[in-house]
Amino acid sequence: VEVRDGIAVVTIDNPPVNAAGLAVREGLMAAAERIDADPDVRAAVLIGARATFVAGADIAEFDRPPAPPHLSDVIARIEASAKPWVAAIHGAALGGGLELALGCARRIATPDARLGLPEVTLGLIPGAGGTVRLPRLIPLRAALDLVAGGKPITAAEALGIGLIDGIANGPLLDAALALAAEVPPRARDAVLYASTVDWDAEIAAQRRRARGQASPVEAVEALRDAVTLPPGAAFAAERARFLRLRGSDQARALRHVFFAERALARPADLRGVAPRPTARCGVVGAGTMGAGIATALLLADRHVTLVEREAAALDRGRATIAANLADARARGRIDADREAALIARLTGATDLAALAPADLVVEAVFEDLDVKIELFSRLGPIVRPEAVLATNTSYLDVNRIAASAPDPSRVLGLHFFSPAHVMRLIEIVRPDGVAADVRATGFALARDLGKVAVEAKVCEGFIGNRVMSAYRREADFMLEDGALPQQVDAAMTTFGFPMGVFAMQDLAGLDIAWATRKRLAATRDPAARYVAIADRLCEAGRFGRKTGAGWYRYESGTSQPDPAVEAEIDAESAAKGIARRSFGADEIMARLLAAMQAEGAALLAEGIATGPEAIDAVMINGFAFPRWRGGPMFMRTAQGA
Ligand code: 3HC
């Protein structure tokens with residue numbers, strides 16, 4: 001605490017993100033006492049040291065019993081202070097950080113600040129008065145979005161809904177001091193903002209969206225309590241709900257994922273290793289994948305040179321990128337000015353020579369080892385000697401691709417998931433001879449792209465596609481044994497997947513996997529169990545949604561189970577002499593999970609994945625495994641299996 005012209009500046013300094021851990025809470029309590037007791041102090045400004053305000057409660061404390069003073073008490077103390085407090089917000093005011101700001105008489109933020117209540121993403125609801133104070137400050141609809149949606153908003157949006165009182169265009173502290181000087185003492189009045197919602201409808205809608213996750217539904221219920229109970233009872237109800245959720249399995253699982261994703265993004269052996277630059281990127285191949293990668297790079301402010309062999313294909317790629325960016329604008333991710341600026345950073349070429357100045361080249365050409373090897377040997381003499389070369393293969397041998405470049409130490413795999421500018425996962429594939437700073441470049445780039453990075457060593461399919469093939473195989477076995485596609489899919493959606501494995505195949509198209517199976521047929525182990533039902537569907541021209549039929553029949557936008565598919569499955573079972581039996585949803589899911597976990601264990605034994613949390617992060621971010629379950633390997637530990 002430092003007093004300037006009668007105003008106390010209270011600085012929270014708890015690296016890295018000023019989380020409101022025990023020492024911070026004790027410090028704030030002491031500061032409030034001191035400020036109230038000092039007759040020379042008229043008001044206070046609360047600010048964060050370094051790059052941020054307060055990122056919330058200290059999540060690492062949540063596995064221990066709560067220790068007083070609780071954040072809710074600290075905030076109540078600040079709110080009850082005889083002198084008005086002003087929150088000066090830069091960086092992030094999230095969770096308990098925003099709740100702290102809500103306890104202040106006024107709030108002012110820098111233009112680039114982010115404000116939000118992300119507790120639902122950790123399986124929680126706000127636990128320090130957020131649900132009670134928010135609807136007394138902003139419209140109920142906006143409060144619902146913040147509390148149940150969990151997404152942070154910008155300072156401009158916060159100003160628009162009345163969450164903050166102003167935006168500081170000059171130095172934040174100066175603006176906050178000026179505001180503090182003019183706030184009358186005890187300026188707060190807790191009048192409920194007049195708006196109502198249909199709570200039953202709101203809760204039902206949230207339950208459908210949450211697909212088994214409890215916290216978003218509880219968040220709506222907490223807001224309902226906050227506006228229907230008297231404030232004292234509402235505070236108590238919120239606290240009780242928060243503490244119950246804090247100890248729940250879902251919150252434990254979501255904490256596991258939170259810390260796992262952050263640990264995976266910074267491998268211990270790369271600490272202190274400086275990444276190479278990636279300001280100028282090249283992308284070879286302008287198909288859906290290449291265009292998606294180029295879009296992702298543009299959105300992260302890279303200059304991108306897109307290379308295709310034919311001008312027509314290049315034009316199609318440019319059009320895809322333009323459509324991707326238009327979509328990002330439609331979703332409010334970028335505005336029209338930025339869209340135009342990003343398009344201006346894109347250059348097209350039909351000659352690899354255009355990649356000469358690139359810092360990083362990502363290839364996304366046809367998935368064929370010989371094609372990629374040829375490309376890397378041609379790229380070698382063109383690019384600068386320190387440029388990083390990345391392959392976006394989804395299963396090929398990256399060691400062999402690296403060996404084809406003049407300097408294999410500069411080659412790694414960057415496996416994006418489609419659509420590359422939307423999906424959050426990137427597998428960083430580590431060939432045997434790759435340099436540490438080249439790996440570090442992959443991680444730094446992933447971070448700039450806002451993606452979850454998981455490292456994998458080289459094997460066919462890396463982490464994600466290997467686990468997926470394993471459980472798809474298990475799903476096929478169950479078809480032969482007596483289950484139907486719609487039963488497997490229903491078991492998965494009940495578990496929390498947005499879509500089942502057969503509906504997913506229909507969406508992606510069955511023809512590509514069919515082509516792969518035909519190519520690999522000659523090398524398949526004849527003794528291994530092989531389920532040919534998908535082959536039969538493809539032979540009948542059933543490639544999924546795009547042909548109106550696959551595992552399901554598609555008519556006017558809806559999907560129906562198809563008796564013709566059931567007949568095909570029956571015939572396969574009969575031909576193999578399998579007596580079909582019925583499967584319950586629990587047994588289906590248990591077998592799919594066991595298949596994922598067994599493949600995960602194999603990936604660990606082979607050293608492909610660095611730890612069980614790597615497999616969890618891949619399945620959650622690349623394959624829609626329900627995050628609130630913590631991932632297949634987390635569940636395996638929890639089950640003690
Ligand atoms: N508690 C403890 N540690 C935290 C933390 C928190 N609330 N927030 C971030 N950290 C740690 C991370 O684990 C990481 O540690 P590491 O360096 O050892 O890996 C470090 O801070 C930096 O975090 P990021 O890598 O995520 O840094 P970024 O700069 O990318 O992002 C951020 C910063 C936007 C603040 C991001 O960290 C974030 O979203 N944090 C979580 C915010 C949150 O969920 N807050 C709500 C907590 S629950 C709560 O407040 C309950 C209340 O209602 C009572």
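Whatever order the structure lists them in is the order used to number ligands and atoms, beginning at 1. Since the model is a prediction, treat every value here as computed from it, not as a measurement.
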Quick check on contacts: which atoms of ligand 1 are under 4.0 angstrom from a heavy atom of [X]?
{"X": "P126", "answer": "53 (O)"}
{"X": "L122", "answer": "44 (O), 47 (C), 48 (S)"}
{"X": "G95", "answer": "46 (C), 50 (O)"}
{"X": "F259", "answer": "13 (O)"}
{"X": "G96", "answer": "49 (C), 50 (O), 52 (C), 53 (O)"}

Is [X] close to ligand 1, meaning an N/O of one under 3.5 Å from an N/O of the other?
{"X": "R266", "value": "yes"}
{"X": "P16", "value": "no"}
{"X": "G127", "value": "yes"}

When you measure from [atom] to the protein, is at least one non-hydrogen atom found at a distance under 4.0 Å?
{"atom": "atom 31 (O) of ligand 1", "answer": "no"}
{"atom": "atom 19 (O) of ligand 1", "answer": "yes"}
{"atom": "atom 25 (O) of ligand 1", "answer": "yes"}

Can you figure out which of [options] has its heavy atom closest to [atom]?
{"atom": "atom 51 (C) of ligand 1", "options": "E119, E61, H70", "value": "E119"}
{"atom": "atom 42 (C) of ligand 1", "options": "G56, A55, A265", "value": "A55"}
{"atom": "atom 27 (O) of ligand 1", "options": "R447, R114, E99", "value": "R447"}
{"atom": "atom 6 (C) of ligand 1", "options": "G21, A57, G91", "value": "A57"}

R50 CZ: over 12 foreign heavy atoms closer than 6.0 Å: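 More than 12 heavy atoms, drawn from other residues, nucleotides or ligands, come within 6.0 Å of this atom.
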
Neighbour count >12 (heavy atoms, 6.0 Å) for atom NZ, K451: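 Above 12, so yes.
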
Considering only non-hydrogen protein atoms, determine which one is nearest to [atom] and report residue, atom name and distance to 0.1 Å.
{"atom": "atom 23 (O) of ligand 1", "result": "R262 NE, 4.0 Å"}
{"atom": "atom 34 (C) of ligand 1", "result": "L94 CD1, 4.0 Å"}
{"atom": "atom 33 (C) of ligand 1", "result": "V17 CG1, 4.4 Å"}
{"atom": "atom 1 (N) of ligand 1", "result": "I59 N, 2.9 Å"}

Between [X] and [Y], does any side-chain N to carboxylate O distance fall below 4.0 Å?
{"X": "D249", "Y": "R252", "result": "yes"}
{"X": "R207", "Y": "E202", "result": "no"}
{"X": "R77", "Y": "D73", "result": "no"}

Distance-only side-chain donor-acceptor flag, [X] / [Y], under 3.5 Å:
{"X": "S81", "Y": "E79", "value": "no"}
{"X": "H256", "Y": "D616", "value": "yes"}
{"X": "R302", "Y": "T278", "value": "yes"}
{"X": "E218", "Y": "S215", "value": "no"}
{"X": "T11", "Y": "D13", "value": "no"}

Aromatic contact, F623 with F417 (centres under 6.0 Å):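 Centroid separation for F623 and F417: below 6.0 Å.
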
Distance flag, aromatic centroids of F625 and F495, threshold under 6.0 Å: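 Ring centres of F625 and F495 closer than 6.0 Å.
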
Approximate separation, where rounding is to 0.5 Å, of L98 CG and R133 CZ: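 Taking CG in L98 and CZ in R133, the distance rounds to 11.0 Å.
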
Proximity to ligand 1 by part of D58, non-hydrogen separation under 4.0 Å: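 D58 to ligand 1: contacts from backbone and side chain alike.
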
Structural part of T121 in contact with ligand 1, heavy atom criterion under 4.0 angstrom: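 The answer is neither; T121 stays 4.0 Å or more away.
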
